[in-house]
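Structure first, then comments.
Quantities reported herein were computed from a predicted structural model and do not represent experimental measurements.
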Amino acid sequence: DFLALRLVNGNDCAGRVEVFYNGTWGSICSNRMSQLTAVTVCKHLNCGDEGEITEDFKYGRGSGPTWLDHIECSEQHSSLWQCQSDPWDPQSCDNRAEETHISCSGRKEATSPGTFADCPNSTSCSDREKLQVVGGEDECSGRVEIWHQGSWGTICDDAWDMADANVVCRQLGCGSAVSALSEAAFGEGTGPIWLEKVHCKGTELSLWDCPAKPLFGRNCDHKEDAAVNCSDSPRRPAAASTRLSMPVILCIILGTLLCLVLAILAGQIRRARAQQR
């Protein structure tokens with residue numbers, strides 16, 4: 001089964017812990033959880049090497065299954081999946097008050113303020129502004145790129161399919177997907193490769209709602225950049241005016257030819273009358 005981990009209702013590095021298992025996101029329980037486990041979650045998410053379990057439940061309560069309980073990690077673990085726990089069970093917690101809320105810190109700061117900016121062009125932005133397609137004919141077709149840690153990067157085409165492409169097209173306001181393309185169909189990117197094995201159901205409103213595996217360029221190269229073709233295209237006033245002007249140009253040409261023919265005929269009639277006199 002595909003597994004994924006995230007923090008919700010806060011930010012990328014603080015929130016209620018959720019895991020993706022058996023096709024569904026669900027919470028994990030905090031029973032017997034130590035600070036080492038919180039630190040392991042933070043390391044797993046690339047959110048630094050410090051973490052703490054918060055008790056104020058400010059990140060809200062979940063509504064899905066509660067997948068895991070009694071998770072115990074050690075200093076040697078860098079991923080939550082390496083830690084011991086009870087077996088997977090959709091009712092692992094006795095109640096929602098046992099759900100785990102974690103806040104991470106200690107992520108290394110960038111050497112320049114803009115390098116790890118949360119948004120491409122401003123201090124606050126929507127998920128839509130952190131997604132773009134480039135290299136295509138318009139803003140609704142091209143290589144898929146996401147903004148992360150201060151730079152645009154691509155997505156590896158491993159497991160890339162129509163469900164993933166549909167979410168991208170919907171998020172961009174470009175209708176539904178016509179095709180999910182692989183092998184750098186719109187050219188190779190040059191930045192980081194941020195994700196691989198994106199697993200959308202196709203109904204999500206944002207790519208960030210889909211489970212995926214952070215990659216950081218280790219198992220994929222830009223020859224495998226994912227891309228999309230969407231059903232809708234932005235309006236192009238210049239192209240539209242060109243198409244509309246073609247009939248006008250044809251009419252002008254035909255009108256000119258007709259006038260020339262009439263002028264020749266008129267000249268011949270005048271000459272004929274002159275000869276008759």
Side-chain angles (χ1 to χ4, degrees), residues 2 4 6 11-12 20 25 45-46 110 114-243:
F2 181 78
R6 68 180 181 183
N11 55 49
D12 289 344
F20 186 84
W25 285 102
L45 294 170
N46 195 37
T115 303
F116 280 55
D118 290 335
C119 298
N121 301 311
S122 59
T123 55
S124 63
C125 58
S126 64
D127 286 349
R128 162 67 185 88
E129 295 169 281
K130 292 189 281 186
L131 176 70
Q132 66 179 8
V133 290
V134 296
E137 295 181 355
D138 52 43
E139 296 175 0
C140 291
S141 66
R143 182 177 63 253
V144 181
E145 295 191 351
I146 59 174
W147 179 267
H148 181 63
Q149 290 191 348
S151 64
W152 288 104
T154 59
I155 297 175
C156 189
D157 64 11
D158 292 351
W160 186 253
D161 59 19
M162 286 293 289
D164 308 320
N166 268 319
V167 174
V168 169
C169 291
R170 185 183 302 114
Q171 188 175 341
L172 291 172
C174 291
S176 58
V178 175
S179 56
L181 305 171
S182 58
E183 297 181 350
F186 288 97
E188 298 180 16
T190 57
I193 304 172
W194 287 127
L195 294 175
E196 70 167 340
K197 296 182 179 177
V198 179
H199 283 261
C200 299
K201 294 179 180 178
T203 57
E204 295 88 348
L205 297 178
S206 168
L207 191 64
W208 319 132
D209 296 330
C210 304
K213 180 181 177 182
L215 181 64
F216 309 111
R218 285 191 283 268
N219 300 312
C220 187
D221 60 42
H222 283 297
K223 293 179 181 178
E224 301 172 77
D225 286 340
V228 297
N229 264 323
C230 303
S231 60
D232 294 349
S233 296
R235 292 182 179 178
R236 295 184 171 196
S241 62
T242 302
R243 287 194 296 269

Report yes if the side chains of [X] and [Y] come closer than 4.5 Å at any heavy-atom pair, otherwise no.
{"X": "V228", "Y": "W160", "answer": "yes"}
{"X": "L131", "Y": "V144", "answer": "yes"}
{"X": "S231", "Y": "C169", "answer": "no"}
{"X": "W208", "Y": "Q171", "answer": "yes"}

[Y] backbone acceptor or donor facing [X] side chain under 3.5 Å:
{"X": "N166", "Y": "S176", "answer": "no"}
{"X": "R143", "Y": "G187", "answer": "yes"}
{"X": "D225", "Y": "T154", "answer": "no"}
{"X": "R170", "Y": "G173", "answer": "no"}

Any chance the SGs on C210 and C200 are under 2.5 Å from each other?
yes
Would the SG atoms of C220 and C156 measure under 2.5 Å apart?
yes
With rounding to the nearest 0.5 Å, note down the distance linking [atom1] in [X] to [atom2] in [Y].
{"X": "I193", "Y": "H222", "atom1": "CD1", "atom2": "NE2", "result": "4.5 Å"}
{"X": "H199", "Y": "D164", "atom1": "NE2", "atom2": "CG", "result": "8.0 Å"}
{"X": "N229", "Y": "E137", "atom1": "CG", "atom2": "CD", "result": "8.0 Å"}
{"X": "I146", "Y": "L195", "atom1": "CD1", "atom2": "CG", "result": "4.0 Å"}
{"X": "E145", "Y": "F186", "atom1": "CD", "atom2": "CZ", "result": "12.5 Å"}
{"X": "D157", "Y": "L181", "atom1": "CG", "atom2": "CG", "result": "10.0 Å"}

With a sphere of 6.0 Å drawn around CD of E183, does it hold more than 12 non-hydrogen atoms of other residues, nucleotides or ligands?
no
Minimum heavy-atom separation for W194 to W152, with atom names?
NE1-C, 4.0 Å
Give me the atom names and distance for the closest heavy-atom approach of A165 to S179.
CB-O, 4.2 Å
Tell me, with the steps shown, if L172 and E139 meet side-chain contact (heavy atoms from CB on, under 4.5 Å).
CA-CA 8 Å; L172 291 172; E139 296 175 0; over 6 Å; no
